[in-house]
Structures are given as structure tokens and as C-alpha cells.
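Scroll down for the structure; my scribbles are underneath it.
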Amino acid sequence: MTTHPTGFPMQVDVAQAQALLRSHLPSPLTETVPLAAGWGRTLAEPLRARVSHPSATESALDGVACRAADTGAATAHAPVTLQVVGESRAGQPFLEPVAAGQCVRIYTGAPMPPGADAICPVEQLVEVGPHEVALRRPARPEDVRHEGSDFHAGEAVLPGGLRLTPARLALAAALGHDRLPVRRALRVALLSTGDEVVAPGQPLTRGQVYDSNSVGLHALLRECGCEVQDLGHAADTPAALERALAQAGGTDLLLTTGGVSMGRYDLLRDLLIGEGQVAFWKVRMRPGGPAILGRWQGLPVFGLPGNPVSSLVVFQVIVRPALTGQPVQTLRLRAATPFRTLPDKTAFWRGVIDGGQVRDYGAQGSGRLRSLSEADALVVVPEGQPVTPGDEVEVLLL
Ligand SMILES: Nc1nc2c(c(=O)[nH]1)N[C@H]1C(S)=C(S)[C@@H](COP(=O)(O)OP(=O)(O)OC[C@H]3O[C@@H](n4cnc5c(N)ncnc54)[C@H](O)[C@@H]3O)O[C@H]1N2
Ligand code: MOO
Ligand SMILES: [Mg+2]
């Protein structure tokens, strides 16, 4: 890390950038939402089971419930015959005890009758008479689902801080909750900058570019559960930028793209440095090096680089973990090709996953947006660490 002449840190590492952005965001507030509105939200506190699941000991199969000890000798050649004394249906249990030599017809999810401890499925039964079945193999205790074997009443099942996926939402319902304590969504304003940047749908002249950054970032922000205020686009003049920044009031964070590198017209950089509250400028990563964090009239502003790949990669690596409070999700794969090492930067190279290994995507220019669509992953190559084929690398799925 170095220091800018005006005193703020430069060339911070990725972890420092994440932590500094996080420290600029408000600490999470809680609100309660109906179950159906919980998808994509983050649980604010652990959820305990209000009931056990299964709520009774029950059958996992359609068949008969009986005593395992009666059926140990059953084979296809020498089936064991049992007397059928009743039927247990889901919601209509059979409450009489099952004695030796007896069984009860039972269906998946129906409570086990008292005395029975094993199940034989219909596929292994032969109907012998109106009240008799023969078992072609022993009944199995493993096909009984015991009360509370999934979770017990009172158990803390879903930890706080977890993002509610469809499966976790279903689990919350099964735990007995109809309202959920979730973190208040962060409100993020989004602004793209650049004289050459044009909204999709408008005519494009040579030298102009469609505003792809805002579109990708908007979707990423929604994926992170944020409320997005789209401020559109501002031209490269101080007045236009100041007008746009003034519209971001009332949000928790302003995310911008463009205008943060070394150019004369990289005015967002100048505006933030002039405001005197820069937390850092430049991160030791590629792509995405020129990112800047500061404040504008108190509001945290994170300036993503304009290059299309850089803006989306910096979001994944720095912004997402700061917004969600969750570390970047990675997995480890073997490298099928070498990956370039940078002496003073962590690289996030685009890679293609093939046969359980990851290979270099090839052209890694930050302006090649199609590469992010054609690659499967970002391969993390730490500063100064060589990667040769066969090495294990950390990989971030795209
Ligand atoms: N002399 C140096 N030049 C550059 C350096 C450097 O260290 N020294 N860093 C390079 C790196 S790395 C990056 S990344 C870019 C960052 O540039 P800016 O953040 O200043 O962004 P702009 O100059 O405004 O635009 C760069 C590039 O991206 C295109 N762009 C911008 N906004 C959008 C958008 N919303 N949608 C699609 N594409 C966009 C823009 O047209 C430019 O092509 O600086 C390097 N330069
Ligand atoms: O690192 Mo810039 O972010 O490559 O193009
Ligand atoms: Mg620039």
C-alpha cells in the first residue's frame, strides 16, 4: 500500500478494499416480511424449528408396516405371510398395536402404527388372500422416517446471515414460520458516466458504446437483494456529474462506472479527491485496478472502472461481499493450462471449465465483454504466485 500526496491509501489489496467498502455501509437493520416475500432476502437472525419434522414416525414407502423380527427369513422362494389388520394413511393413522405375525397397509408419510418397526414395499408383496400378504424379502427399519430425524422442535436450523434461496424458504415454511426477520435491503444508486456512453435502443455512431455496465450491474445488485435507484447516465463534465450525484441522496451507496483512471476526463476521480474523503484509490487487482472509494456530501461513492469486464469483476470481488456480508464463494479446481502471474496484483483471469479442470480463456482484455459470457469462471492468481498445469487454483464461478 502507498499513500496519495493528499493522504489517502493507494494500491490497497482486495481484502482491504472489501473491508473499507463494508465499513462505509450502514450496519444491517431488520424488518419482518411475509414468507412469500422472503426469496432472495437475507435472514437477520437464526430461525428455530417450531415443530419437529417428521412430526410423527412414519413410513418412507408405500407397502406394509410390521415387525422386522417376523420377516428376517423372507425370500422370493420362501415368502413370509403376515395377517393384514388395518391401514394407515397420511392424515388417517392406524392406532391399534401391531402384534407378532401381523401387518398394516401403509403409505408414504403415514404414521407407523404402534408395535411396527419396519416397512416392506408393495413391489415385494404378494397378495395371498383378502387379509393376508406374503413378503418376498425382510421388512427394513431403514424405510421408517423417525419423528424429528430431519429437525427437532426448538432446534436452530437456519443460521442468521443466510441468503434465502428457494430451498431455504421452503425449509423456513416447514419450520413453522409464516413471517421472516430479514435484513433491510440496502438502497443503491447506480450511475454510468462517459460522453461516449449511449443507452441501449438509441442509435449509435462510431466511437460510441452502449451502456452495458449499468445493465449488468443493475442485475448484479438485484441478485444481492438491493433496491436499485437507476440514475442513468452523466456526461464527462463536472456540472453533469455533480447534478447526477445530487440525485443519489437517501440511498446507502452510489455505485458509478467510468472516469476513475488516469485520463484528463476521468472526472469522477477528481471530484472525489477534491471532496477530500477518499478511503482508497486503486486496488492491487487486475482487471479492475483503478477502483475508488470516497464520499460525496457524506454519501459513500464507489467508483467502478469503466471497462466493461473490469466493472463486473470488481463488483463480484469487492462489492458483492461488502453488500451481502458473505465471503466470495470459490471452489478449487486443477489448472489445465498455465495462468499468468502478476508480481504486484491479484489476477482474476477468465477461465473455461472442462472435464473438471479449468483452462485459460485466452484474450483477457478488459474491453472484451463477450469473454465474460463465454468463460465459466474467474481464476484467482495471487500476487507473485506462479500457476502451472496440474496446480490447484481458486475459482469463482461466473
Ligand atoms: N495511462 C493509463 N491508462 C489507463 C490505466 C492506467 O493505469 N494508466 N488504467 C486502465 C484500466 S486498468 C482501466 S480499467 C480503465 C478504467 O477507465 P475509467 O474507469 O477511467 O473509465 P473510462 O475512461 O470512462 O472508460 C474506459 C472504457 O470503458 C468504456 N465504458 C465506460 N463506461 C461504459 C459503460 N457504461 N458501458 C460500456 N462501456 C463503458 C469506455 O468507453 C472506455 O472504452 O482505464 C485504463 N486506462
Ligand atoms: O484493470 Mo483495467 O480494470 O484492466 O482494464
Ligand atoms: Mg478513463
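Atoms within a ligand are numbered from 1 in the order they appear, just like the ligands themselves. This chain uses plain numbering: 1 for the first residue, then up along the sequence.
Under a 4.0 Å N-O distance rule, the pair Glu374/Arg350 does not qualify as a salt bridge. Under the 4.0 Å criterion applied to side-chain N and carboxylate O atoms, Asp70 and Arg67 are not assigned as salt-bridge partners.
With no hydrogens or angles considered, no side-chain donor-acceptor pair links Gln229 and Thr251 at under 3.5 Å. A side-chain donor from one of Asp211 and Ser192 sits under 3.5 Å from a side-chain acceptor of the other.
For atom 29 (C) of ligand 1, the closest non-hydrogen atom on the protein side is Gly306 O, 3.7 Å. Nearest protein neighbour of atom 8 (N) of ligand 1, counting heavy atoms only, is Met262 CG, 3.4 Å. Ranking protein heavy atoms by distance to atom 24 (O) of ligand 1, first place goes to Gly259 N, 3.1 Å. Gly288 N, 2.8 Å is the protein heavy atom nearest to atom 1 (O) of ligand 2. At the top of the distance list for atom 2 (Mo) of ligand 2, counting protein heavy atoms only, stands Ser310 OG, 3.4 Å.
Near Asp266, meaning under 4.0 Å from any of its heavy atoms, are these atoms of ligand 1: 20 (O), 23 (O). Heavy-atom proximity to Asn307, at under 4.0 Å, picks out these atoms of ligand 2: 5 (O).
Evaluation of the ring pair (Phe, Tyr, Trp, His ring centres under 6.0 Å) rule for His4 yields Phe8 as partners, not counting sequence neighbours.
The option with the heavy atom closest to atom 12 (S) of ligand 1, from among Ser214, Pro290, Pro305, is Pro290.
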